[in-house]
Each structure stands twice: as structure tokens, then as C-alpha cells.
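One structure is given here, and the rest of the page talks about it.
Just so we're on the same page: letters track the sequence lines, and every chain starts at 1. Quantities reported herein were computed from a predicted structural model and do not represent experimental measurements.
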2 protein chains.
Amino acid sequence: MIAQKKTQFARIDYAIVATDIILFGIIDDTLHTLLIKMKKTGHEGKWAAPGGLMDVKESPEDAVKRILEEKTGLKDVFAEQLGTFGAVNRDNDGRVVAIAYMALVHADPAILRTTEEYAAVCWHDITDLPKLTYDHGEMIEVALERLRAKLAYTNIVRNILPTNFTLTELQNVYETILSKKMDKRNFRKKILSLGIVKKTDKMKTGEKSRPAALYAFKDKEYHAIDIL
Amino acid sequence: MIAQKKTQFARIDYAIVATDIILFGIIDDTLHTLLIKMKKTGHEGKWAAPGGLMDVKESPEDAVKRILEEKTGLKDVFAEQLGTFGAVNRDNDGRVVAIAYMALVHADPAILRTTEEYAAVCWHDITDLPKLTYDHGEMIEVALERLRAKLAYTNIVRNILPTNFTLTELQNVYETILSKKMDKRNFRKKILSLGIVKKTDKMKTGEKSRPAALYAFKDKEYHAIDIL
DNA sequence: CCAAAAGTGTTCGTGTTACACCCATGT
DNA sequence: ACATGGGTGTAACACGAACACTTTTGG
């Protein structure tokens with residue numbers, strides 16, 4: 001039945017594999033995700049998360065790296081597998097099984113590449129998303145859930161912050177992702193007692209208020225530690 | 001290069017999709033996993049987790065159900081996706097991307113089907129596993145990690161216990177999976193305060209010691225709750 | 001009557017929460 | 001001088017951890 005459709009995948013007897021990436025970044029102190037407005041026939045004007053077919057000679061992780069670089073120009077982006085979406089009819093064009101990844105970027109340097117393949121590539125506030133095609137809405141739900149859970153027991157937040165940051169900025173990231181206010185004193189006490197950040201000798205100035213000490217993460221590696 | 005090998009998959013230009021299942025059950029108060037001894041050419045005598053190719057017209061979850069029924073004769077088995085393993089050379093016979101699932105069964109009724117396809121199908125103590133082929137050793141690691149984590153914040157344990165059980169049996173499951181002794185009074189206090197089990201009017205007798213009250217889970221559904 | 005496992009409370013220490021004021025800078 | 005966000009301590013409470021004896025059955 002699927003094979004009757006005239007599409008690029010119709011000749012395949014097996015499901016083929018794609019990767020889709022839910023990319024998160026903080027913009028204006030708010031969590032945003034990167035979406036693409038499609039030009040492809042049958043999907044004109046629809047929004048989707050970036051993704052693409054995995055090549056037979058690359059791993060899913062390599063596919064994610066390649067696609068991220070194509071879309072954002074960034075290398076060395078933190079990415080974590082979320083799960084695989086394989087409903088038989090998730091893609092009308094054929095049987096495509098998508099391995100979904102969540103990726104985090106420091107949004108500042110995330111200069112987006114404009115390509116002719118898409119009508120638009122841009123960041124969307126997570127609280128104000130357009131309708132998404134395929135099952136990408138579901139993927140974003142899963143990604144958000146995972147991200148929120150991991151804030152509580154890993155240092156994953158380091159992947160979405162710039163190298164140096166103030167404790168208030170760190171707290172803002174937690175608050176915007178978790179959608180809840182936290183107590184400043186308790187937050188700082190907790191973060192400092194964990195010993196995952198160290199104060200640098202730099203200060204953030206020019207903010208029409210008292211300068212704030214800049215901090216950096218001690219560990220370059222992502223790992224588990226009880227935070228909240 | 002891969003396509004040069006004369007195998008059943010060699011003609012495919014794309015990766016194909018399989019599902020592999022890490023099946024857990026409690027046998028003799030100890031965590032066991034189901035393994036298969038293969039007959040397939042090139043893999044003779046090697047142990048692997050049950051798995052198989054996904055059909056183009058079935059979802060990964062349906063493939064898991066089908067394979068579990070083929071291997072164990074059981075239906076309605078709890079299964080959860082662990083992640084997808086897609087290293088380019090994970091299968092020497094061709095490019096196979098495997099979606100790994102963890103499944104839990106009440107081991108009592110898990111009568112294993114003997115088939116001619118395999119040299120053996122049997123339960124192995126998790127602390128004494130043979131060498132595993134493909135990346136199935138890694139899958140079991142991931143499954144164990146997931147299972148242990150979920151014991152602490154979900155009622156997942158209901159899927160590995162029979163309908164009625166004593167609190168000591170419940171504690172034994174936690175202890176064997178987590179490989180640690182727990183305090184009986186604290187454990188019972190915690191479980192009872194969560195309200196996830198209810199006492200039945202049955203007792204377990206004939207055990208050459210004082211009879212124990214049998215309990216059952218209140219919720220049929222799997223859900224999150226802080227347990228430990 | 002002895003062995004074996006069931007069942008049951010209290011104390012202590014640690015970690016989480018709630019809460020308010022002074023400080024340094026830019027305008 | 002005033003507006004803005006930076007930075008700091010303490011007290012109440014909840015939760016988890018440690019710990020020992022009595023009860024009921026089978027043999």
C-alpha cells in the first residue's frame with residue numbers, strides 16, 4: 001500500500017532510518033527550539049525539527065553531527081538520544097523510522113545557515129510553537145520532559161550556557177526550563193555546595209546594577225549529580 | 001564494502017531495522033535474563049538476546065510483541081524502549097540498526113517455547129552471563145541501569161511480580177535487582193505510606209514459618225512515584 | 001520446644017524550605 | 001539619590017537511616 005505511492009522511498013522493501021533533532025537554546029532568557037519551514041512537495045510551509053536520512057555508512061550520532069552542522073554551522077554540539085519513533089504511518093511518504101535526539105547549544109554563536117532547501121530556519125519560543133508536521137510535536141514533548149528531568153540530577157545545563165555565566169543567569173535557565181520560580185539563596189547554596197562551578201576572576205559589568213561574579217563549570221564532562 | 005558480503009542483507013542500500021529485547025524475570029529470588037543460543041551460520045553457539053527484523057508494516061512495539069510471543073509464548077508483556085543501537089559495524093552481516101527494548105515478565109508462567117531455529121532458549125542469572133554477541137552485552141548494561149533507576153521512582157516492579165506477593169518477596173526483588181540489603185521496617189513503612197499496594201485477605205502459608213499477608217498492586221498502570 | 005520468617009516504633013541526623021535586608025553600580 | 005539586580009544566614013520542618021524484640025507457624 002505504501003509502496004504504491006510514487007515517492008523517493010517507495011522502492012524500499014524495508015523501513016529506512018532517519019534522525020531528527022530537537023535543538024534547544026536559550027534566547028532572551030527563554031527556552032527556544034530550532035524549527036525548519038519546509039519547501040518539500042506535499043509539506044510546503046509546514047514546520048519541522050531538523051532531520052534527515054541516515055547514510056548506510058554513518059552511525060546515527062554521525063548523522064546528527066552532520067545534520068546539525070548543515071543546519072547551524074556548529075560542531076561539537078551536545079546531543080543525546082531520546083528514543084526512536086516508528087509508527088507505521090508517521091511519514092506519509094514511506095516507512096521511515098526516526099531516531100530522535102535532543103541537542104543543546106549556547107545560543108549566542110548559533111548562527112543559522114540559510115539554505116535553499118528550506119523556506120526558513122529559525123528559533124521558536126517553546127511556549128509558542130507552530131503546528132508541527134510528522135510526530136515532531138511528540139518528540140518535543142519527550143525532549144522537554146527529558147531535559148527537565150536531567151536538570152535535576154546532571155550538569156546538563158552546562159551545554160546550554162556560555163563558558164562564563166553569573167549565578168543569576170544559571171538560575172534563570174533553570175527557572176525558564178522548569179517554568180517555576182526558585183529561591184535565590186537556596187539555589188546558590190545548593191549549586192555552590194555541589195562544587196560543580198567555580199568562580200572566575202571576571203565580573204559581568206555594564207548592567208546598570210551591581211556587577212555580578214562570573215562562574216564557569218569545573219567539569220567539561222556531562223555527568224550525574226543530584227542538583228535539585 | 002559491506003554490500004560485497006554474501007548475506008541476506010547484502011542487497012540493501014539502506015540500514016534495516018531490527019528490535020532486540022532484554023527480557024527480565026525473577027527466578028529463585030534472583031534477577032535473570034532470557035538468552036538464546038544461536039544456530040545461524042557465522043554465529044553458531046553464540047548467546048544473544050531475543051530479537052528479529054521489524055516488518056515494514058509493523059511498528060517496533062508490534063515487532064517486540066510478536067517476537068516475545070514467538071520466544072516465550074507470553075502476551076501482554078510490559079516493554080519499554082531503551083534506545084537504538086546503530087554503530088556501523090555492530091552486525092557483521094550488514095547494516096542493521098537495532099531498537100532495544102526492556103521487557104519484564106512474571107517468571108512463573110514464562111514457559112519458554114522450544115523452536116528449531118535456536119540451539120537453546122533459557123534464563124541466565126544476571127550475575128553470571130556468558131559472553132554475548134553483537135552489542136547485546138551493552139544493551140543489558142543499559143537495561144539494568146534503566147531498571148534500577150526506575151525501581152526508585154516508578155511502580156515498574158509490578159510487572160515482574162505475580163499478582164499476589166508478600167512484602168518480603170517485594171523487598172527481595174528490590175534487593176536482588178539493586179544488589180543491596182534494605183532495612184525491613186523502613187522498606188515496609190515506605191511502601192505502605194505510598195499507598196501503591198493493598199493487603200488482600202489471603203495469606204501465604206506452608207513456609208515452615210509464620211504465614212505472611214499477601215498484597216496486590218492497586219494500580220494496574222505503570223506510573224511514576226517516588227519510592228526509594 | 002525449637003527454628004524460621006513475619007510483623008511492628010522511635011530516635012537521630014541531614015537536607016530542604018521559607019524568609020528579608022544591605023551592597024555596588026549606572027543613570 | 002534612586003533604581004536595579006547582587007549577594008548573604010538562620011530557624012522550622014520533613015525525610016531517611018539506624019536499630020531489636022515479639023509473634024506465629026511448621027517440624
Measuring centre to centre across the rings, with the benzene-like ring taken for any Trp, is B/W47 within less than 6.0 Å of B/H124? yes
Looking at the side chain of B/R210, which of C/dA5, D/dG9, D/dA17 is the nearest nucleotide? C/dA5
Rounded to whole Å, how long is the line connecting atom NZ of A/K202 with atom C1' of D/dG6? 19 Å
Heavy atoms under 4.0 Å, any strand shown: does B/K184 hit a base, just sugar-phosphate, or nothing? base
Rounding to a whole Å, what distance do you find between A/M182:CE and D/dG7:C1'? 19 Å
Hey, does A/T166 have a side-chain heavy atom less than 4.5 Å from the side chain of A/Y215? no
Measure from the side-chain heavy atoms of B/P211 and tell me the nearest of D/dT25, C/dT17, C/dT25. D/dT25
Distance check needed: D/dT8 C1' versus A/D183 CG, whole Å only. 11 Å
Please report, rounded to the nearest Å, how far the P atom of C/dG15 is from the CG atom of A/L194. 11 Å
Tell me: NZ of A/K199 to C1' of D/dG6, nearest whole Å? 11 Å
Selection from D/dG16, D/dA18, C/dC19 that lies nearest to any side-chain heavy atom of B/N186: D/dA18
Pick the closest DNA chain D nucleotide for A/K208 and for A/L192 by heavy atoms, then say which residue is nearer the 5' end. A/K208
Closest to the side chain of A/S209, out of C/dA5, D/dG7, D/dT4, is D/dT4
Rounded interatomic separation in angstrom, taking NZ from B/K181 and C1' from D/dA18: 17 Å
Between D/dG6, D/dA18, C/dT17, which one does the side chain of A/K189 approach most closely? C/dT17
Could you give the CG-to-C1' distance, from B/L214 to C/dA6, as a whole number of Å? 12 Å
d(CZ, B/R185; C1', C/dA5) in whole Å: 15 Å
Contact class for A/T168 (heavy atom, under 4.0 Å): base, sugar-phosphate, or nothing? sugar-phosphate
A/Y222 side chain to A/K150 side chain, donor-acceptor N/O pair below 3.5 angstrom: yes
With a cut-off of less than 4.0 Å, is there a side-chain N or O of B/R188 near OP1 or OP2 of C/dG7? yes
Looking at B/F85 versus B/Y134, is the centre-to-centre ring distance below 6.0 Å? no
Look at the side chain of A/K204 against the base of C/dT25 and say whether a donor-acceptor pair falls under 3.5 Å; ignore hydrogens and angles. no
May I have the step-by-step check of side-chain contact (heavy atoms from CB on, under 4.5 Å) for A/L161 and A/L170, ending in yes or no? CA-CA 8 Å; A/L161 278 170; A/L170 178 60; 3.4 Å; yes
